[in-house]
Amino acid sequence: MMVRKVAVPVIAMTVFLVMWELLVWANDWPNYVMASPSDLPEAYIRFWHLFLEMGWQTLWRTVVGLLIAIAVGASIGMVMGFSRTMREALYPLLVGFNAIPKATVVPIVALLFVGAHDFNTILIAFIISFFPIAVSISIGLSTLEPEYRDILRSLGASQLTIFWKVALPKTLPEFFGALKVAVTLAFIGTNLMEIVSPHGRGLGALFDSGKTNSDYPLMFAVLIALALLGIVLYYVVVALEAIFAGWAERQPT
Amino acid sequence: MERPLIDIKGVSHAYMTETGPLQVLDGLDISVPTGGFVAVVGPSGCGKSTLTRLIAGLMRPDAGEVWLHGKQVTSPRSTVGMAFQNPVLLEWRSILKNVMLPLEIVPTKLSKREREERAYRLLALVGLEGFEDKRPSELSGGMRQRASLCRALIHQPEVLILDEPFGSLDAFTREDLWQTMQALKAEEPFTGVLITHDLRESIFLANQVVVLSGRPARAQYVMDVPADAQRELDDLYAPQTAERLNILRRQIEVAQGRGRARPEA
């Protein structure tokens, strides 16, 4: 079991790196066209303190943005889940808002709150990631079979009791499904803002400085660092899901 | 004369639909004495489920009155237990915790230990001994329905409302559950209202069968099933059962609007 869980992904990743290296080597690409994995350690060694500092910046702002997205998204989802009128009122607004490419919002926000880099980054991470959370919660709540309500209501339970004992736990699997999408989106949001903002911080800014200085191995090193952070965040969500909604996973029989 | 435990008097109800009001119940009268077990049969969509929601106090009728234990029903009561066709067990709870759910809402004098003992006893009674710690997803459909019956009875309700609880089970499992129902009734006295599509089920379990007319429904026909009728599965294939089934079937045909006319020979 452990072998499958650890060894298989490690082997897959190694194969990926080897193929990447071979691709660059076979085409004889210089590193300003495409850096190869063997160029990366040098970049990490030279800028390791920057990677740590910037990585932390990106991480905490993504997480804060995501937490706000959870709070706001869950609230909107609850309002839409419980009230049909609110659902009909808010859905077109939400869908329209979500349809706007966030890359176009980034410069607007950057100009609107110029200089407030942390705030802007968190704002974009939040804006980009609350939608799936709101939708999943509203769908989870509105599709609760009426019998579930009736079982508790017929005993005289209050709406709040019904929410805590049935509606909320029943929505958790959908919520975690959405959170897996949201965590990746929030991460994209953070980096968009970091790249676009002048004098930005975070891995996005490091990427941008790599670009300005024509340090191509650094740019690729940032990409890999971003991928690693993304994987970490994703698996944190998976771990939380196993704790709080593990019951939804069918036992292998 | 003692007042019936459940007394439904001239109840009418309509739903608003896009094409105007849809009258489902029209002056329905049903009364069930304490300890009685009434089965309600009728064509599809004739308002049987509405009836259960009215008795449970989940809805109020447009006209008429529902009385329970000498009090008019205006809101849900904790003296009612319900089970539906869908067992609606909470997937994240063990079977034991599912059965004990009503005790978290209804005020009870029982200690935690007594509550658990009661749940264990009920589960054993329906043949779910040893499944207390399983999740609902690990149980078959029939077993889930058994657990759902235990949950409906855990808080010792005076009235048990069953809305087609065996409707989605296969024929053999269903007959098993009919026997389980009788075992439960012997151990845990309750007054029951059973909504069903299955005429044999109604005769086997109930001591009175009410046939509802087509929409809007009223009580079209009432059949008393003698208490001395032996309640064994073999009796379901006895001649007097066939006779009763035939009468009920004719009544259903009338309710469906296929008239009194005999089918062409």
Side-chain angles (χ1 to χ4, degrees), chain A residues 74 77-78 81-85 87-88 136-137 139-179 237-253, chain B residues 49-50 52-59 68 73-95 97-108 134-139 147-149 151-157 159-165 168:
Chain A
M78 278 184 219
F82 285 127
S83 156
R84 208 165 147 186
T85 316
R87 187 156 65 246
E88 274 154 15
S136 76
I137 298 241
I139 289 176
L141 292 179
S142 61
T143 55
L144 183 70
E145 292 94 326
E147 289 104 326
Y148 280 94
R149 262 176 236 280
D150 286 352
I151 278 287
L152 291 188
R153 264 191 66 209
S154 68
L155 298 165
S158 67
Q159 285 296 335
L160 193 68
T161 310
I162 295 174
F163 177 74
W164 277 113
K165 291 213 186 280
V166 182
L168 182 72
K170 201 157 169 47
T171 308
L172 279 182
E174 273 114 344
F175 167 74
F176 276 106
L179 196 57
V237 175
V238 170
L240 289 174
E241 181 183 28
I243 295 170
F244 292 109
W247 52 267
E249 202 167 305
R250 295 261 157 188
Q251 310 292 330
T253 43
Chain B
S49 292
T50 307
T52 62
R53 294 174 61 82
L54 289 172
I55 301 172
L58 293 170
M59 284 176 8
L68 208 65
V73 175
T74 52
S75 62
R77 300 272 183 94
S78 56
T79 53
V80 169
M82 291 186 98
F84 306 97
Q85 179 169 5
N86 178 353
V88 287
L89 298 176
L90 310 183
E91 293 293 330
W92 53 94
R93 288 174 170 234
S94 67
I95 292 299
K97 287 263 156 59
N98 262 292
V99 169
M100 291 175 68
L101 177 71
L103 297 177
E104 295 169 25
I105 293 153
V106 175
T108 169
K134 299 268 188 222
R135 291 281 164 91
S137 56
E138 296 174 90
L139 268 57
S148 160
L149 289 174
R151 181 183 56 192
L153 286 170
I154 187 83
H155 55 298
Q156 292 174 294
V159 175
L160 183 64
I161 301 171
L162 303 166
D163 190 354
E164 290 187 52
S168 57

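Proteins come first, then strands; the chains are lettered A, B, ... in the order of their sequence lines, and each starts at number 1. Please read these numbers as outputs of a predicted model, since none were measured by experiment.
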Exercise for the section: Using modelled atom types only, decide if a donor and an acceptor are shared between the side chain of A:Arg84 and the backbone of A:Ser142 within a distance under 3.5 Å. Expected result: no

Problem - Check ion pair B:Glu91-B:Arg135 (N to O, under 4.0 angstrom) - result: no

Exercise for the section: May I ask you to decide whether A:Glu147 forms a salt bridge with B:Arg53, counting only side-chain N to carboxylate O separations under 4.0 Å? Expected result: no

Practice task
Could you list which of residues 150-160 of chain A have a heavy atom closer than 4.5 Å to any heavy atom of chain B, in residue-number order?
Solution key: A:Asp150, A:Ile151, A:Leu152, A:Arg153, A:Ser154, A:Leu155, A:Gly156, A:Ala157

Exercise for the section: Not counting sequence neighbours, which residues clear side-chain contact (heavy atoms from CB on, under 4.5 Å) with B:Thr50? List them please. Expected result: B:His13, B:Tyr15, B:Val24, B:Leu25, B:Leu54, B:Met59

Exercise for the section: Decide side-chain contact (heavy atoms from CB on, under 4.5 Å) for A:Leu141 and A:Arg87; before the verdict, give the C-alpha distance in whole Å, the side-chain angles of both, and the deciding distance to 0.1 Å. Expected result: CA-CA 11 Å; A:Leu141 292 179; A:Arg87 187 156 65 246; over 6 Å; no

Completion exercise
Greatest number of non-hydrogen atom pairs under 4.5 angstrom with chain A, of B:Asp163, B:Ile105, B:Val106, falls to B:Ile105

Exercise for the section: Take the angle between the ring planes of A:Phe176 and A:Phe244 and call it parallel below 30°, perpendicular above 60°, tilted in between. Expected result: parallel

Problem - Engaged part of B:Leu89 at the chain A interface, taking heavy atoms whose separation is under 4.5 Å - result: backbone

Exercise for the section: Starting from the C-alpha separation in whole Å, work towards a yes-or-no answer on side-chain contact (heavy atoms from CB on, under 4.5 Å) for A:Lys170 and A:Tyr148. Expected result: CA-CA 10 Å; A:Lys170 201 157 169 47; A:Tyr148 280 94; 3.7 Å; yes

